[in-house]
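Start at 1 and go down the list; that is how both ligands and their atoms are numbered. Computed from a prediction, not measured in an experiment: that's the story for all the values here.
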Amino acid sequence: MTAFIADETRWQDYIRDIPDFPKPGIVFKDITPLLANGNAFAAVVSELACQVSPDVDAIVGIESRGFIFGAALAQQLGLGLITVRKPGKLPADVHSVEYELEYGVDRLEIHRDALSRGHKVVVVDDLLATGGTAAATVELVKKLGAEVEACLFVIELSFLNGTKALGDVPVHSLLHVE
Ligand code: AMP
């Protein structure tokens with residue numbers, strides 16, 4: 001773990017709540033102040049890195065805030081970054097998985113040649129809510145024959161029980177919101 005106590009502040013203090021965004025009733029966890037502070041950002045990435053075992057072959061980042069943490073984590077660990085994207089963004093052949101939203105469905109995609117059978121990955125996103133996004137990502141990785149060693153989040157909204165959607169995939173979250 002990284003000591004980030006230079007001025008008695010902690011990286012957790014750089015995440016702010018924005019009520020009723022993007023719609024009424026949702027408390028949005030805004031990580032932009034954390035990203036804007038070099039010490040806080042570095043401290044989070046170091047804490048994420050502590051959760052990744054040495055046998056992991058690649059980091060899988062989920063669009064879009066998962067790209068930010070995933071890319072920094074991959075760099076810190078000397079690993080590559082695989083991007084899981086919203087529909088129509090990846091240019092080569094893709095696998096797609098649909099998942100349920102509160103109203104309707106959405107889809108995520110991965111390049112078919114992004115990973116090989118037997119590869120071990122860690123999936124990274126900023127926040128775990130209901131788990132639908134991460135579960136779809138796990139499904140995409142499995143379609144390629146690769147293995148998800150763990151899912152990693154900066155924030156977990158524990159009251160939504162998102163870990164249930166991930167079944168037996170280990171989940172590590174740095175900050176739990178009850
Ligand atoms: P879910 O699929 O329900 O687990 O939602 C997780 C995804 O939605 C992540 O990519 C988050 O960035 C985003 N998300 C969901 N709820 C929030 C929230 N309260 N604050 C910030 N991002 C959220």
Indicate yes or no: does K120 engage D57 in a salt bridge with an N to O separation below 4.0 Å.
no

Can you tell if the side chain of V97 reaches within under 4.5 Å of the side chain of R107, non-hydrogen atoms only?
no

Are side-chain heavy atoms of I31 and R65 found at a separation under 4.5 Å?
yes

For ligand 1, note which part of V27 has a heavy atom under 4.0 Å away: side chain, backbone, both or neither.
backbone

Just verifying a value: how many Å separate D125 CG and L152 CG, rounded to the nearest 0.5 Å?
10.5 Å

Taking both backbone and side-chain atoms of L157, is any N or O found less than 3.5 Å from an N or O belonging to ligand 1?
no

Hey, which atoms in ligand 1 end up nearer than 4.0 Å to a heavy atom of R65?
11 (C), 12 (O), 13 (C), 22 (N)

Quick check: F28 and ligand 1, any N/O pair under 3.5 Å apart?
no

Going by the atom numbers of ligand 1, which of them fall below 4.0 Å from some non-hydrogen atom of T130?
1 (P), 2 (O), 3 (O), 4 (O)

Does the protein put a heavy atom less than 4.0 Å from atom 8 (O) of ligand 1?
no

Consider every N or O of K29 and every N or O of ligand 1, then say whether any pair is closer than 3.5 Å.
yes

For ligand 1, which atoms sit closer than 4.0 Å to a heavy atom of D126?
9 (C), 10 (O), 11 (C), 12 (O)

Tell me which protein heavy atom sits closest to atom 23 (C) of ligand 1, plus the residue, atom name and distance to 0.1 Å.
L127 CD2, 3.6 Å

Between V27 and the options D17, L157, V177, I18, the side-chain contact (heavy atoms from CB on, under 4.5 Å) test singles out D17

Number the atoms of ligand 1 from 1 as they appear, then name those within less than 4.0 Å of a heavy atom of G132, with their elements.
2 (O), 4 (O)

For D125, the ligand 1 atoms whose distance to one of its heavy atoms is below 4.0 Å
9 (C), 10 (O)

I need the nearest protein heavy-atom contact for atom 4 (O) of ligand 1: residue, atom name and distance, please.
G131 N, 2.7 Å

Verdict with supporting geometry, D30 and R16, salt bridge (charged side-chain N to carboxylate O under 4.0 Å, His left out):
CA-CA 5 Å; D30 180 20; R16 64 183 172 190; 2.6 Å; yes

State plainly whether the residues E63 and R85 are in salt-bridge range, i.e. N to O under 4.0 Å.
yes

L140 and S96: which non-hydrogen atoms are nearest, and at how many Å?
CD2-C, 3.8 Å

Scan N37, L73, L175, L174 and name whichever one has a side-chain contact (heavy atoms from CB on, under 4.5 Å) with V44.
L174

Below 4.0 angstrom from a heavy atom of T133, which ligand 1 atoms are there? Numbered from 1 as shown, please.
1 (P), 2 (O), 5 (O), 6 (C), 7 (C)

